[in-house]
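What follows is a single structure, written as structure tokens, with notes after it.
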Amino acid sequence: MRSDLRLIPFFADLSDDVILAIEKYCRREHYSRGELVFAEGDFGDRMYIIQSGQVKVISEKNGSERIFSYLNPGNFFGETALLTGEPRNAGVRVVIDSDLISLGRQELQELIERYPNIAVEITRELSRRLTRQIQSPVQQEELNIVAVVGQQAPVLAEQIAKLTGEEVFLFDLGGLGNMPVDQTTLSQEGVQLARGGQNLTADELPARLSSLVQDYFWVILAIPLRPSLLTIKAIDLADVTIQLADAPERWLTQAVTRNFMVVKPEPKRIARLARKIARRQVGLALSSGGARGLAHIGVLEVFERERIPVDMLATASMGSIVGALYAAGASVDEMKQVAQLMQKQTNLLKGFSMWDIGLPPRSGLVRGTKTLDYFRKILQNKNFEDLELPLTVVACDVITGEEVQFDSGPIADAVRASISMIGIFEPPRIGDHFLIDGGTVNPVPTSILKDKRADVIVASSVIPGLSERMHRKEQLKTGKAPNVVAIVMGALEIMESEIIRQRAEAIDVMIQPDVAQFTISDFDRVEEIIQVGREAAQRALPQLRQLLAPQPRAKSYAA
């Protein structure tokens with residue numbers, strides 16, 4: 001054990017007589033991934049030093065895990081309870097199979113009395129650890145070991161390096177086969193490739209990984225399609241397992257017990273996968289707003305041109321029409337064509353081809369059957385599960401007032417529900433809900449993006465403040481009372497403005513097209529409205545680029 005102790009930084013500077021004394025007191029212990037070394041609140045009778053592997057220091061109160069730090073070989077833990085005699089103030093769970101050296105309470109006290117240098121080393125490490133926790137008190141679970149089945153593993157590694165600016169180690173465990181790889185290009189992008197990993201044994205892999213995660217933020221394990229002891233061990237130790245293929249292999253679905261994803265090996269999908277793993281996903285909320293919502297098309301046009309990614313969408317009312325088309329794969333030009341047709345389909349003189357007037361009106365002027373048929377046509381009868389991008393559509397239960405979110409089933413039904421303005425459309429019944437306009441409950445649904453764990457939250461809001469709306473200023477000048485439709489629309493505007501004021505969520509970038517000059521029924525001003533969307537998105541580009549630029553982290557858990 002003496003030679004092993006010398007390899008641990010904590011013991012490196014101690015004299016031979018101290019190492020010899022420590023050796024007599026030490027006990028070796030082995031823990032597998034997922035095992036709890038000790039729990040928060042336990043009585044502390046031993047401290048631990050990591051010889052190989054990785055652990056995380058956690059609190060699991062209230063059923064949720066909070067991570068305080070990750071510890072690697074050379075780090076120690078559990079000493080506080082020994083020195084104070086108090087219960088453990090945190091738990092420790094194994095991340096990579098770990099070999100630990102432990103010391104009991106009495107042994108530690110005797111060693112400190114005989115060799116004060118040990119107390120000095122403990123004090124130094126506690127000081128470093130306290131500094132790290134002050135700078136970053138609670139960490140997210142790190143997904144830094146990724147097992148990949150598929151020969152596009154180098155592409156994923158390169159994407160992660162570009163996104164984060166952090167070094168990536170691509171460890172070939174036989175998954176790349178004889179495929180030629182341009183190591184020079186990979187190295188220039190921040191990816192270090194090592195081949196021949198298939199010669200490791202399953203028992204040797206944990207120690208190798210625990211060494212790699214000290215030097216690299218990301219370790220990508222390229223594993224072969226067929227199972228082996230090494231492959232199964234790699235999957236067990238990986239934080240995420242990915243198969244780059246059209247469909248999953250059966251054995252993988254059985255072998256992987258957590259965080260398994262199957263992604264088609266296409267460049268756009270791999271780039272989106274990299275953002276998900278690197279926690280750089282961009283969520284975009286598209287607000288309600290009637291015809292003003294056509295400005296969202298201009299925003300998306302600039303995003304496409306400037307390569308600003310969108311990884312998930314949350315939409316309300318008019319934003320749901322634009323968002324559903326975009327998520328379904330419609331191009332900006334195709335969305336413009338739909339917008340231009342809407343001015344005819346919502347025009348009274350053209351026969352309201354998108355509307356079916358109910359006479360006498362019951363719970364709305366428009367029954368909505370033609371509207372639903374129209375949405376089914378332009379969305380090609382797709383379900384949410386068929387979409388290119390994750391989409392959530394918001395509506396409101398008119399009876400209970402609760403927010404209803406749609407992210408599965410027919411998209412057209414959800415969009416029809418979300419645009420159902422009070423008094424204009426009959427509320428459709430879906431399940432147990434009678435639904436009205438999503439803008440009445442969550443007009444700029446950034447809260448959904450937060451719940452879905454978007455990392456960068458962007459809102460496109462076409463809901464100006466009440467005092468900014470030109471048509472209200474004109475109404476005041478006339479001194480005339482508004483008509484029935486204007487009263488309904490005015491009530492909705494007041495409601496939306498108040499909800500936005502009260503439900504302000506954490507938004508990283510707010511894009512606000514200058515739509516105060518337009519009304520919610522100005523479908524005959526398509527190009528003007530789209531243009532103000534372009535201008536607003538253009539103004540937001542510097543802030544967006546700054547947020548999406550690589551931001552390499554400092555190593556926070558190195559020994």
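The analysis underlying the following values was restricted to heavy atoms, covering all of them including side chains, and did not include hydrogens, waters or symmetry mates. Treat the numbers as computed from the prediction; the structure is a model and nothing was measured.
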Under a 3.5 Å distance rule, please check whether [X] uses its side chain to pair with a backbone N or O of [Y] as donor and acceptor.
| X | Y | value |
| --- | --- | --- |
| Gln543 | Ala540 | no |
| Ser418 | Ala414 | no |
| Trp251 | Leu225 | yes |
| Arg292 | Phe518 | yes |
| Asp455 | Gln281 | yes |
| Arg545 | Leu547 | no |

With sequence neighbours excluded, residues passing side chain to side chain donor-acceptor pair (under 3.5 Å) with Glu249: none
With [X] as reference, evaluate [options] under the side-chain contact (heavy atoms from CB on, under 4.5 Å) test and give the passing residue.
| X | options | value |
| --- | --- | --- |
| Phe375 | Ile411, Ile419, Asp413 | Ile419 |
| Trp218 | Leu170, Ile277, Leu156 | Ile277 |
| Ile321 | Thr315, Ile297, Val415 | Val415 |

Separation of [Y] [atom2] from [X] [atom1] (nearest 0.5 Å):
| X | Y | atom1 | atom2 | value |
| --- | --- | --- | --- | --- |
| Ile270 | Gln159 | CD1 | CD | 8.0 Å |
| Leu300 | Ser331 | CG | OG | 11.5 Å |
| Ile378 | Met342 | CD1 | CE | 7.5 Å |
| Ile235 | Phe260 | CD1 | CZ | 8.0 Å |
| Glu60 | Arg66 | CD | CZ | 12.0 Å |
| Phe303 | Ile511 | CZ | CD1 | 4.0 Å |

Over all heavy atoms of both residues, which pair between [X] and [Y] is shortest? Give the atoms and the distance, please.
| X | Y | value |
| --- | --- | --- |
| Gln151 | Gly175 | CG-O, 3.8 Å |
| Leu387 | Ala324 | CD2-O, 4.4 Å |
| Gly293 | Val322 | O-CG2, 3.9 Å |
| Pro265 | Asp246 | CD-OD1, 4.1 Å |
| Gly165 | Pro550 | N-CB, 3.7 Å |
| Ala339 | Leu294 | CB-CD2, 3.7 Å |

Show your reasoning for whether side chain to side chain contact (heavy atoms under 4.5 Å, CB included) applies to Leu244 and Leu273. CA-CA 10 Å; Leu244 297 173; Leu273 171 64; 4.1 Å; yes
For [X], look at atom [atom1] and say whether over 12 heavy atoms of other residues, nucleotides or ligands are found less than 6.0 Å away.
| X | atom1 | result |
| --- | --- | --- |
| Glu385 | CD | yes |
| Asp432 | CG | no |
| Lys276 | NZ | no |

Steps toward side chain to side chain contact (heavy atoms under 4.5 Å, CB included) verdict (Ile145, Phe171): CA-CA 10 Å; Ile145 301 177; Phe171 197 14; over 6 Å; no
Residue pair Ser288 / Asp437, side-chain donor-acceptor N/O under 3.5 Å: no
Strictly by modelled atom types, are Arg280 and Gln551 linked by a side-chain donor-acceptor pair under 3.5 Å?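 Short answer, no.
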Side-chain heavy-atom pair [X], [Y] within 4.5 angstrom cut-off:
| X | Y | result |
| --- | --- | --- |
| Leu284 | Tyr326 | no |
| Arg305 | Val332 | no |
| Val302 | Leu541 | yes |
| Arg269 | Gln152 | no |
| Asn144 | Tyr70 | no |
| Asp514 | Glu535 | no |
| Leu176 | Pro154 | yes |
| His296 | Val462 | yes |

Is there a side chain to side chain contact (heavy atoms under 4.5 Å, CB included) between Gln380 and Asp386 once you walk through the steps? CA-CA 10 Å; Gln380 301 173 17; Asp386 304 321; over 6 Å; no
So, using side-chain contact (heavy atoms from CB on, under 4.5 Å) as the criterion, who are the partners of Ala454 when residues are at least two apart?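 For Ala454 the side-chain contact (heavy atoms from CB on, under 4.5 Å) partners, ignoring immediate neighbours, are Met312, Leu449, Ile457.
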List the steps and the verdict of side chain to side chain contact (heavy atoms under 4.5 Å, CB included) for Val282 and Leu544. CA-CA 10 Å; Val282 178; Leu544 283 165; 5.8 Å; no
Return all side-chain donor-acceptor pairs below 3.5 angstrom for residues 388-397, not counting sequence neighbours, or 'none' if the list is empty.
| residue | atom | partner | partner atom | Å |
| --- | --- | --- | --- | --- |
| Asp397 | OD1 | Ile399 | N | 2.8 |
| Asp397 | OD1 | Thr400 | N | 3.0 |
| Asp397 | OD2 | His433 | ND1 | 2.6 |

So does [X] pair up with [Y], basic N to acidic O under 4.0 Å?
| X | Y | value |
| --- | --- | --- |
| Glu158 | Lys162 | yes |
| Glu527 | Arg534 | yes |
| Asp373 | Lys370 | no |

